[in-house]
Amino acid sequence: MADELFTDPRLAVLYDPLEADRPDLDAYLRIAEHLNARTVLDIGCGTGVFALLLADRGFEVTGLDPAAASLDVARAKPGAEHIRWLHGDATALPPLQVDLVTMTANVAQAIVDPGLWHTTLTRARNALRPGGHLVFETRNPARRAWESWTRANSHTVTDVSGIGEVASWVELIDVDHQLVTFRWHYVFASTGEELTSDSTLHFRESGEVEADLLTAGYQLREIRDAPDRPGKEFVFLAQRPAQ
């Protein structure tokens, strides 16, 4: 089940203007180009920002997301007709043979259920052609990013076209071993209405992720740093064996 931020139409339209700065996507684009990928499956595509960036560069793209409201935002964007949009999680994937599967931002960590996580890795592998690649990121738990998730550190006011000013901030709710739960608040200046969205992320150690990839039938090519967030992220590049 996706978070309210992605499933509530009133919040889904806020995602792009509130997350307008996405330097992380440039690194994913460079990886796709370096691997000479032509076909890409973007799991957790959300409002389609990365899928549309890929399509604009000539890639053949399939975008998958469990949140219908986010997909509605994506489908309304210029160029969206060039992308195949699929509603659901990895269990809803039809037969595919792509060169590259991506999970950007928090997508991998948002899959907190161990069974669904393993299924996602397995279904992504099945969607890859032999020799194809999977790339995704997870936050380094040693950096304890959640300690800075406070209103004081995150409060912003954004003027959203057609909506007006929206104040937003995050607060930490719970830390239960590797599961970290937090709540985003959104206050609409025009009406005074406040909406919230709760999220949980799974902060896996890099060794755990490596073991999960091997179990799912991948060869781990590399664990690299995120160039826009050095020391804060693990970026996993794995490959479906050629034979």
Side-chain angles (χ1 to χ4, degrees), residues 1-28 43-50 52-53 65-74 76-77 103-113 136-204 226-235:
M1 180 69 69
D3 307 330
E4 294 92 340
L5 173 58
F6 309 110
T7 60
D8 187 329
R10 297 169 297 176
L11 294 179
V13 296
L14 298 180
Y15 184 82
D16 289 346
L18 269 57
E19 299 288 341
D21 187 18
R22 292 294 306 276
D24 58 307
L25 299 184
D26 292 334
Y28 280 93
I43 294 178
C45 65
T47 59
V49 176
F50 185 52
L52 286 160
L53 175 62
D65 201 274
S70 292
L71 287 177
D72 286 343
V73 174
K77 294 180 177 180
M103 291 187 284
T104 66
N106 291 328
V107 170
Q109 284 186 259
I111 307 171
V112 299
D113 178 77
F136 63 92
E137 67 188 77
T138 65
R139 297 172 188 250
N140 182 350
R143 296 300 296 264
R144 302 176 66 85
W146 57 86
E147 293 182 346
S148 65
W149 295 350
T150 65
R151 174 171 177 151
N153 288 332
S154 61
H155 185 274
T156 60
V157 177
T158 306
D159 191 1
V160 180
S161 178
I163 295 176
E165 291 188 345
V166 179
S168 62
W169 67 92
V170 67
E171 64 170 326
L172 181 65
I173 300 299
D174 184 53
V175 180
D176 183 7
H177 301 288
Q178 293 183 323
L179 300 180
V180 178
T181 301
F182 52 99
R183 177 172 296 146
W184 276 100
H185 296 257
Y186 305 91
V187 179
F188 297 78
S190 60
T191 63
E193 181 180 22
E194 179 175 350
L195 300 176
T196 61
S197 176
D198 290 1
S199 302
T200 299
L201 298 181
H202 194 157
F203 280 76
R204 302 175 179 93
D228 59 309
R229 288 149 294 160
K232 297 181 179 181
E233 302 274 344
F234 301 126
V235 180

Can a donor-acceptor pair be found, under 3.5 Å and without considering hydrogens, that links the side chain of [X] to the backbone of [Y]?
{"X": "S190", "Y": "G164", "answer": "no"}
{"X": "Q109", "Y": "H202", "answer": "yes"}
{"X": "R143", "Y": "G231", "answer": "yes"}
{"X": "D3", "Y": "L5", "answer": "no"}
{"X": "K232", "Y": "A145", "answer": "no"}

Evaluate the side-chain proximity of [Y] to [X]: yes if any heavy-atom separation is below 4.5 Å, no if none is.
{"X": "L195", "Y": "R10", "answer": "yes"}
{"X": "V73", "Y": "Y15", "answer": "no"}
{"X": "E233", "Y": "D24", "answer": "no"}

Do you see a donor-acceptor pair shorter than 3.5 Å between the side chains of D65 and S70?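 No donor-acceptor contact under 3.5 Å links the two side chains.
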
Pair F188, I163 - check side-chain contact (heavy atoms from CB on, under 4.5 Å), show working. CA-CA 8 Å; F188 297 78; I163 295 176; 3.7 Å; yes

Least distance between heavy atoms, [X] atom then [Y] atom:
{"X": "F234", "Y": "P141", "answer": "CE1-CD, 3.9 Å"}
{"X": "S148", "Y": "N153", "answer": "O-ND2, 3.0 Å"}
{"X": "T7", "Y": "A67", "answer": "CG2-CB, 4.0 Å"}

After noting the C-alpha distance and the side-chain angles of I173 and T200, does the key distance pass the side-chain contact (heavy atoms from CB on, under 4.5 Å) rule? CA-CA 9 Å; I173 300 299; T200 299; over 6 Å; no

Using 30° and 60° as the class boundaries, would you call the ring planes of W149 and F203 parallel, tilted or perpendicular?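 The arrangement is tilted - the two ring planes meet at 30° to 60°.
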
Interatomic distance, L172 atom CG to R151 atom CZ [nearest 0.5 angstrom]: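 That separation rounds to 16.0 Å.
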
Using the side-chain contact (heavy atoms from CB on, under 4.5 Å) rule, take E137 and R229 through it: C-alpha gap first, then chi angles, then the decisive distance, then the call. CA-CA 11 Å; E137 67 188 77; R229 288 149 294 160; 2.7 Å; yes

